[in-house]
Amino acid sequence: MRLSRYFLPVLREDPKEAEIVSHRLMLRTGMIRQEAAGIYSWLPLGFRVLKRIENIVRREQDRAGAIEMLMPTIQPAELWKRSGRYDDYGKEMLRISDRKEHELLYGPTNEEMITDIIARSVQSYKQLPLNLYHIQWKFRDEIRPRFGVMRGREFLMKDAYSFDLTREDGEHAYNKMFVAYLRTYAAMGLKAIPMRAETGPIGGNLSHEFLILADTGESQVYFDAAFHEKDWTTFELDYDDREAVAKVVEEFTSMYAATEEMHDPERFEKEVPEERRISGRGIEVGHIFFFGDKYSRPLGAKVLGPDGEEHYLQSGSYGIGVSRLVGAIIEASHDDAGIVWPEPVAPFQVGLINLRSGDEATEAACEKIYAELENAGLEVLYDDTSERAGEKFTRMDLIGLPWQVIVGPRGLKEGVAEIKRRASGERENVPLENVADWLRERLNPTG
RNA sequence: CGGGGCGUAGCGCAGCCUGGUAGCGCAUCUGCUUUGGGAGCAGAGGGUCGCAGGUUCGAAUCCUGCCGCCCCGACCA
C-alpha cells in the first residue's frame, strides 16, 4: 500500500479525551474515530488489526473443532423472555421496537438464540457434540464506557457455544476451549493467565477468565509467579484426546490465580511462597463458562440419548473480546514513540520509507524494493509521501510496524538499505538486492 | 447513578471573571528555499463560539433549561 493513496489520518497531538495509552495511540494513529460514548468507527489501519486478530481467533476456534456461523445483531425479545433474562439483564440491554411495535433488542450475547437454533434442529445424541461460534458485534449499554475500545458499548466478540449429551462431554468441550484460548493468545504474542472467575449473569458454576497483565487493567489480580515460567508457546495436542486436553487445563489451573472477586488471601498465602506472590492489574480478554442445562431447559433443547430417554443438553459459552484485544495488545506492547505491534497482528509487516522523495535514484530503488516485497508476499506500507525524513520516521515509529526499510541517498551510495526492527531499535544495513529475502527469512508470509 | 471537569477552525488551546465586530500554535492550500529524526520565509483559506430560550442597544462572555463528551467510584468480552 502506498501511503500517498492510503487513508491514515494521524494526529500530531494527543486528543484530550484519551487518558490511557492504548486509546491515545489508537486515536493518534488514525485507527479509530469515536462516534459516541463507547461507539467507534474503525478506520483502515485499525480495521486491518481487528481483522488480523479476528483471523487468529477464527483459526484457533476452527482447529479446536468449533464451527463458524453468523447470528444477527438484532434479536426478538421473545427468546429472552423465555429464558427469563429479558428482565434480569436490566438497562444494559438496548431494547428497541420496529414499526409494528414488535419488541427487539440489540444482542449483548447469544445463548438464547443459539440454544433455540439447536433445540429446533437437533433431536439425537448422535448429532453431538456441537460447538458453534460466530464473530459478531454486540451492544451492551455499559454504565460507564471508557478506555476507548477496551470498554466500548458496541464491541466485536467471538462467542462460541457448546452442546453435549453429558456433563463429562460438556467438560471436555470446556477444556478444549480452554486450551484453544491459551493457543489463541499465544499466537498473538500474549500471555493471558486463566483465573477462576465468577459467572455473573451468564450463570453456571465452572468459569475462567483470561487476563493479560497491564498497569491500566481494570481488574486487580493475584497469581503465582510460576505462571511466568510456563511454556506458553506449545500446546500441540489432539483435541479429541480427553486426557491430554484435561492435562493442560489441570496444569494451568493448579497454580494460584484469581481476580479480586475470587481472591482468597488465606489460600494465596498458604499455597504460594511469599517471593512468588504477584499482585497487579489485568485486562480481561476472554471468559469461558460451563453452565449445564441452564438455557437448554427453558428453551427446550433436548435430545434422545442412547438410553432412549430425553436429556437436556449440557452447554457452555466461550467469549473473546476481539475489539478489546486491539486495545489490550497496545497496552501490553508500546513505548514512548508509539505502538510496537507483535508481528502476527501488525496492520502491515513492513514500513518502507523513502527519505528523499522527488529524487530519481531513491525513488527507483524504493519502487524496486516495494515490488519485491509485495511479490514475496509481505504486506508493506510504502511511505512515498513528499514529507521530510523526520516526519516519516516519527510517524512510522508511531504506527509501530514491526520492520522498517529505510532508503535514502546516503545508503544508496553504498548500495544498501537500512532495516530497523521496531521492537528493539536494532538496525542493520542490507544490500538493496537482498532486502526482500532478508525480511522473508525473518517473517512468515501472511495467509 | 453519585462526585469532579470540559464543550470556541481538522487537532491542542486562549478569550468568559469585568458584555462592545473571534484569537494563538499546529495542521491545510499557494510560491520559493530546504530535505537522514516533527524545516524556514512570504502569502491564503477555514468558525451556527454544543443547542434552545432569556436579559441587554449589543452575548463566546451574564441568567435558565437541555444535550454531548471525559475522569473517579459501584457493574462487565
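Naming convention: chains lettered A, B, ... in sequence-line order (proteins, then strands); numbering from 1 in each chain. Note that the coordinates shown come from a computational prediction; the quantities given were computed from them, not determined experimentally.
One atom, CE of M396(A), and another, P of G38(B), lie 16 Å apart when rounded to the nearest Å. For the pair R356(A) CZ and G36(B) P, the computed distance is 6 Å after rounding to whole Å. The distance between atom CZ of F393(A) and atom P of G36(B), rounded to the nearest whole Å, is 9 Å. Note: CZ (R12(A)) to C1' (C11(B)) measures 11 Å, nearest angstrom. The separation between L50(A) atom CG and A77(B) atom C1' is 13 Å, rounded to whole Å. Between R151(A) atom CZ and C76(B) atom C1' there is a gap of 5 Å when expressed in whole angstrom units. Between the CG atom of D14(A) and the C1' atom of G25(B) there is a distance of 16 Å, rounded to whole Å. In this structure, CZ of F147(A) is placed 15 Å from P of C75(B), rounded to the nearest angstrom.
As rounded to the nearest Å, G37(B) and A42(B) have C1' atoms that lie 27 Å from one another. Here, A77(B) and G65(B) have their C1' atoms 39 Å apart, quoted to the whole Å. If you take atom C1' in G2(B) and the same atom in G25(B), they sit 38 Å apart, rounded to whole Å. Taking the C1' atoms as reference points, A39(B) lies 43 Å from C72(B), given to the whole Å. U64(B) and G47(B) are spaced 31 Å apart, taking the P atom of each and rounding to whole Å. Across U48(B) and C1(B), the matching P atoms stand 31 Å from one another, rounded to whole Å. Separating the P atom of G10(B) from that of C17(B) is a span of 25 Å, rounded to the nearest Å. Atom P of C66(B) sits at a distance of 50 Å from the matching atom of C41(B), rounded to the whole Å.
Heavy atoms of G152(A) sit under 4.0 angstrom from at least one base atom. If you check every strand for non-hydrogen atoms under 4.0 Å, R146(A) touches a base. Heavy atoms of F139(A) sit nowhere under 4.0 angstrom from any nucleic acid atom. Using a 4.0 Å heavy-atom criterion, one finds that I320(A) contacts the sugar-phosphate atoms exclusively. Contacts of A18(A) with the nucleic acid, taken as non-hydrogen atoms under 4.0 Å apart, are absent. Among the protein residues, R427(A) comes within range of the nucleic acid bases, having at least one heavy atom under 4.0 Å from a base atom. Heavy atoms of G358(A) sit nowhere under 4.0 angstrom from any nucleic acid atom. Using a 4.0 Å heavy-atom criterion, one finds that G286(A) contacts the sugar-phosphate atoms exclusively. No contact: D359(A) has no heavy atom under 4.0 Å from any strand. Using a 4.0 Å heavy-atom distance criterion, V285(A) is classed as a sugar-phosphate-only contact. Contacts of R28(A) with the nucleic acid, taken as non-hydrogen atoms under 4.0 Å apart, include base atoms. Residue contacts for K420(A): at a heavy-atom cut-off of 4.0 Å it reaches a base atom on one of the strands shown. The residue E13(A) sits close to a base: some heavy atom pair falls under 4.0 Å. If you check every strand for non-hydrogen atoms under 4.0 Å, E17(A) touches sugar and phosphate atoms only.
The residues D14(A) and R24(A) are annotated as salt-bridged, a charged nitrogen and a carboxylate oxygen being separated by less than 4.0 angstrom. Under 4.0 Å is where a charged nitrogen must lie from a carboxylate oxygen, and between E112(A) and R82(A) no such pair does. Residues R63(A) and E60(A) are paired through a salt bridge, judged by an N-O separation under 4.0 Å between the basic side chain and the carboxylate. Between E142(A) and R153(A), no side-chain nitrogen of the basic residue sits less than 4.0 Å from a carboxylate oxygen of the acidic one, so the salt-bridge criterion is not met.
Side chain of K16(A), nearest nucleotide from C72(B), G7(B), G38(B): G7(B). Checking C72(B), G36(B), C70(B) against every side-chain atom of E19(A), the shortest atom distance belongs to C70(B). Nearest to the side chain of R140(A), among C72(B), G36(B), C76(B), sits C76(B). The A37(A) side chain lies nearest to C69(B) when the options are A77(B), G36(B), C69(B). For E418(A), counting side-chain heavy atoms from C-beta on, the closest listed nucleotide (U35(B), C76(B), G36(B)) is G36(B). For R388(A), counting side-chain heavy atoms from C-beta on, the closest listed nucleotide (A77(B), A27(B), U35(B)) is U35(B).
Nucleotide G58(B) forms no Watson-Crick or G-U wobble pair with any nucleotide shown, as no partner meets the under 3.5 Å limit on both distances. G25(B) is paired with C11(B) under the Watson-Crick or G-U wobble criterion, all donor-acceptor distances under 3.5 Å. In a base pair of the Watson-Crick type (N1 to N3 plus N6-O4 or O6-N4) or a G-U wobble (N1-O2 and O6-N3), with each distance short of 3.5 Å, U18(B) is matched with no nucleotide. With a cut-off of 3.5 Å on both Watson-Crick or G-U wobble distances, the partner of C1(B) is given as G73(B). Partner assigned to A52(B) is U64(B), using Watson-Crick or G-U wobble distances below 3.5 angstrom. In this structure G37(B) sits in no base pair that meets the Watson-Crick or G-U test at under 3.5 Å.
For F163(A) and Y312(A), the ring centers are positioned 6.0 Å apart or more.
The cationic group of R48(A) lies under 6.0 Å from the six-membered ring centre of F348(A) and within 45° of the ring axis, placing it in a cation-pi geometry. Seen from the ring of W438(A), R440(A) does not count as a face-on cation partner, given the 6.0 Å and 45° thresholds.
Dashed line: the shortest gap from a side-chain N or O of Q34(A) to OP1 or OP2 of C70(B) is under 4.0 Å. The side chain of R144(A) places no N or O atom within less than 4.0 Å of a non-bridging phosphate oxygen (OP1 or OP2) of G2(B).
At a cut-off of 3.5 Å, with distance as the only test, no side-chain donor of R422(A) or Q404(A) sits close to an acceptor on the other residue.
Each of M150(A) and Q404(A) was matched to the nucleotide of RNA chain B holding its nearest heavy atom; the match closer to the 5' end belongs to Q404(A). Looking at which nucleotide of RNA chain B each of G411(A) and Y40(A) is closest to, the 5′-most match is held by G411(A).
Taken to the nearest 0.5 Å, the CZ atom of F252(A) stands 7.5 Å off from the CZ atom of F178(A).
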